[in-house]
Amino acid sequence: MKVLEKNLQAEVCDAPNSQKDIEKGVALIKYIIVGILFGIVFVKAEIISWFRIQEMFRLQSFHMYGVIGSAIITGIISIQIIKRFGIKTISGETVNIPKKEFRKGQIIGGFIFGLGWAITGACPGPLFAQIGSGFLVVFVTLLFAIAGTWVYGKFSDRLPN
Amino acid sequence: MNQFIDWVSQPWPWYVAGPLIGLTVPTLLLIGNKTFGISSSLRHACAICVPSGIPFFTYNWRKEMWNLMFVLGVLIGGFIATQFLANPADFILSDQTKADLTALGITDFSGLMPSDIFTWSTLFTAKGLLFFVFGGFLVGFGTRYAGGCTSGHAIMGISSLQWPSLVATIFFMIGGFVMTHLLLGPLMSLVGF
């Protein structure tokens, strides 16, 4: 049972939680605050715009490439600093970044997501920010994104991976 | 204060927004040992609402509540930015993109999203089927199949120097180029643009 649990954990998603304690209630507020700041950046840099995504895929503006590129560079530098100086989390744990294993899904699934990204003009993050910005009909897109996730989960063992 | 509001209400350039987004990575790591990623929230939504006994959705989602709080924050942040920090000037789009999209049948270029598509009145039409149902489904299915989206792979994965994430990101882009340059035109004319 313990082993099974470990396997399931290892498989859990792109955003696993490495903290040992389960956080509840007030401890969760800090994630809402980080999310709010993130959502504001999404809107103010117009990343939520369907037009900006079209511009990106048509190579007619540098904006989105600049955003993603400088975000990655900032992320690389930050993680290197955390590793070099052994910076701990606020609760004193060692920072843990789970390894991503290569699977065919990153190619096939990645391609399918790309097709959808150019239609909706939004990856999952901007979907939430678009709804908050008053484009309420995007809630339907979100529902179907959840449906797509469910269908993947239902048939995942029958798909090439 | 008003000056400050006016100043932040202008669209933010990439060299401000990109580093801020990148800083989300160490922030989440340091405040709770959390790995940045957004599409997981869609999986948690399935695990909470319709697990249906599927092993992929049977896990302790209570441990992942932080991720749902994060996306709730993104939604609230979108509301705050739009209500209080909205850009008073016209939305600026490259002329070439405007020309290309005009050729596809888009007529409204006044806001962040074209009202030709993103309104309730298109929901129960073929246009709605393409942009909300089909598009949303591909986003949800594809991100989960790929094990992450732009945040989990392109930003978090590449930041931690994991080559599978680079592969995923390359295929996100290939998918986007194929849709934009080869399929979007025919699909849009099919649904009545």
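FYI, side chains are in, hydrogens and waters are out, and symmetry mates aren't considered; it's all heavy atoms of this structure. Quick note on labels: first sequence line is chain A, next is B, and so on, each numbered from 1.
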For the CD atom of A/Glu93 and the CG atom of B/Leu30, what is their distance to the nearest 0.5 Å?
11.5 Å

Given that the side chain runs from C-beta out, which part of B/Ile117 has a heavy atom under 4.5 Å from chain A: side chain, backbone, both or neither?
side chain

Pick one of side chain, backbone, both or neither for A/Ile79, based on which atoms fall under 4.5 Å of a heavy atom in chain B.
side chain

A/Thr149 side chain vs B/Gly140 backbone, donor-acceptor pair below 3.5 Å:
yes

Applying a strict 4.5 Å limit to non-hydrogen atoms, the region of B/Ile21 in contact with chain A is both

If I measure from the heavy atoms of chain B, does A/Arg103 come under 4.5 Å with its side chain, its backbone, both, or neither?
side chain

Are there over 12 heavy-atom neighbours, none belonging to B/Tyr15, within less than 6.0 Å of that residue's OH?
no

Heavy-atom distance under 4.5 Å to chain A: side chain of B/Val8, backbone, both or neither?
backbone

Highest number of heavy-atom pairs under 4.5 Å with chain B: which of A/Ile146, A/Leu142, A/Ile107, A/Leu28?
A/Ile107

Specify which of A/Ile131, A/Thr94, A/Ile33, A/Val34 makes the most heavy-atom pairs with chain B at under 4.5 Å.
A/Val34

Ignoring hydrogens and angles, state whether a donor on the side chain of B/Asp100 or A/Gln54 is under 3.5 Å from an acceptor on the partner side chain.
no

Looking only at heavy atoms, what is the nearest atom pair of B/Val139 and A/Gly116, with distance?
CG2-C, 3.6 Å

Do you know which of B/Ala86, B/Ser41, B/Ser9 has the most heavy-atom pairs with chain A at a distance under 4.5 angstrom?
B/Ser9

Side chain, backbone, both or neither of B/Asn87 within contact of chain A (heavy atoms, under 4.5 Å):
both

Tell me, yes or no, whether the heavy-atom count around B/Leu161 atom CG, taken from other residues, nucleotides or ligands under 6.0 Å, exceeds 12.
yes

Against chain A, label B/Ile158 side chain, backbone, both or neither, depending on which of its atoms sit under 4.5 Å from a heavy atom there.
both

Answer with side chain, backbone, both or neither: which region of A/Gln130 has an atom nearer than 4.5 Å to a non-hydrogen atom of chain B?
side chain

Quick one: are A/Trp117 and B/Cys149 in side-chain contact, heavy atoms under 4.5 Å?
no

Can you tell which part of B/Leu166 gets under 4.5 Å to a heavy atom of chain A, answering side chain, backbone, both or neither?
neither

With a 4.5 Å cut-off on side-chain heavy atoms, are A/Thr120 and B/Phe131 touching?
no

Tell me, side chain or backbone of B/Leu20 under 4.5 Å from chain A's heavy atoms, or both, or neither?
side chain

Atom group of A/Leu136 that falls short of 4.5 Å from chain B, counting heavy atoms
both

Quick check on B/Leu75 against chain A: is it the side chain, the backbone, both or neither that has a heavy atom closer than 4.5 Å?
both

B/Thr143 versus chain A, heavy atoms under 4.5 Å apart: side chain, backbone, both or neither?
both

Among side-chain atoms of A/Asn17 and B/Lys63, is any donor-acceptor pair under 3.5 angstrom?
no

A/Lys83 portion near chain B, given a 4.5 angstrom heavy-atom threshold
neither

Answer whether the closest heavy-atom distance between the side chains of B/Phe70 and A/Ile32 falls below 4.5 Å.
no

Side-chain heavy-atom pair A/Arg52, B/Phe91 within 4.5 angstrom cut-off
yes

Can you tell me how far CD1 of A/Ile53 sits from CE of B/Met113, rounded to the nearest 0.5 angstrom?
10.0 Å

Is it the case that the side chain of B/Asn33 and the backbone of A/Asn96 share a donor-acceptor pair, with hydrogens and angles ignored and the cut-off at 3.5 Å?
yes

Distance, nearest 0.5 Å, that separates OG of B/Ser160 from NZ of A/Lys99
9.5 Å

Using 0.5 Å steps for rounding, measure from the CG atom of B/Leu184 to the CZ atom of A/Arg58.
6.5 Å

Contacting region of A/Phe51 [heavy-atom separation from chain B under 4.5 Å]
both

Are any of the side-chain heavy atoms of A/Ile40 and B/Ile80 separated by less than 4.5 Å?
yes

For this output row, return yes or no: ring centroids of B/Tyr145 and A/Tyr152 closer than 6.0 angstrom.
yes

Would you call A/Glu55-B/Lys98 a salt bridge at under 4.0 Å N-O?
no

From the list A/Ile108, A/Ile68, A/Ile48, the residue making the most non-hydrogen contacts under 4.5 Å with chain B is A/Ile108

Using heavy-atom distances under 4.5 Å, tell me whether B/Thr27 contacts chain A through its side chain, its backbone, both, or neither.
side chain

Counting heavy-atom pairs under 4.5 Å with chain B, which one of A/Leu127, A/Leu159, A/Leu143 comes out on top?
A/Leu159

Could you look at B/Leu72 and say if it's the side chain, the backbone, both or neither that has a heavy atom under 4.5 Å from chain A?
side chain

In terms of heavy-atom pairs under 4.5 Å with chain B, the winner among A/Gly69, A/Ser91, A/Pro124, A/Gly125 is A/Pro124

Do the non-hydrogen side-chain atoms of A/Phe102 and B/Gln162 ever get within less than 4.5 Å of each other?
no

Whatever's closer than 4.5 Å to a heavy atom in chain A on B/Leu130 counts as both

Value rounded to 0.5 Å, distance of CD1 in A/Ile112 from CZ in B/Phe137
9.0 Å

Where does A/Val138 contact chain B at under 4.5 Å (heavy atoms): side chain, backbone, both or neither?
side chain

Looking only at heavy atoms, what is the nearest atom pair of B/Pro26 and A/Ile82, with distance?
CB-CD1, 3.9 Å

Please work out which of the three classes, parallel, tilted or perpendicular, describes the rings of A/Trp150 and B/Phe57, given edges at 30° and 60°.
parallel

Under 4.5 Å from any heavy atom of chain B - which part of A/Ala122:
backbone

Using a cut-off of under 4.5 Å on heavy-atom pairs, state which of A/Asp157, A/Leu115, A/Ile97, A/Val43 scores highest against chain B.
A/Leu115

Just wondering, are more than 12 heavy atoms of other shown residues or ligands nearer than 6.0 Å to CH2 in B/Trp120?
yes

So, for A/Phe57 and B/Phe177, is the gap between ring centers shorter than 6.0 Å?
yes

Pairwise distance OG(A/Ser61) to CG(B/Leu93) - rounded to 0.5 angstrom:
8.5 Å

Using ring centroids (six-membered ring only for Trp), state whether A/Phe113 and B/Phe172 fall under 6.0 Å.
yes

Contacting region of A/Pro98 [heavy-atom separation from chain B under 4.5 Å]:
both

Non-hydrogen atoms of chain B under 4.5 Å away: do they reach the side chain of A/Phe139, the backbone, both or neither?
neither

Using heavy-atom distances under 4.5 Å, tell me whether A/Leu59 contacts chain B through its side chain, its backbone, both, or neither.
side chain

Please find out if less than 6.0 Å separates the ring center of A/Phe144 from that of B/Phe134.
no

For B/Phe109, is it the side chain, the backbone, both or neither that has a heavy atom under 4.5 Å from a heavy atom of chain A?
both

Hey, does B/Phe36 have a side-chain heavy atom less than 4.5 Å from the side chain of A/Phe38?
yes

Could you tell me if the side chain of A/Ser78 sits less than 4.5 Å from the side chain of B/Val25, heavy atoms only?
no

Non-hydrogen atoms of chain A under 4.5 Å away: do they reach the side chain of B/Thr122, the backbone, both or neither?
neither

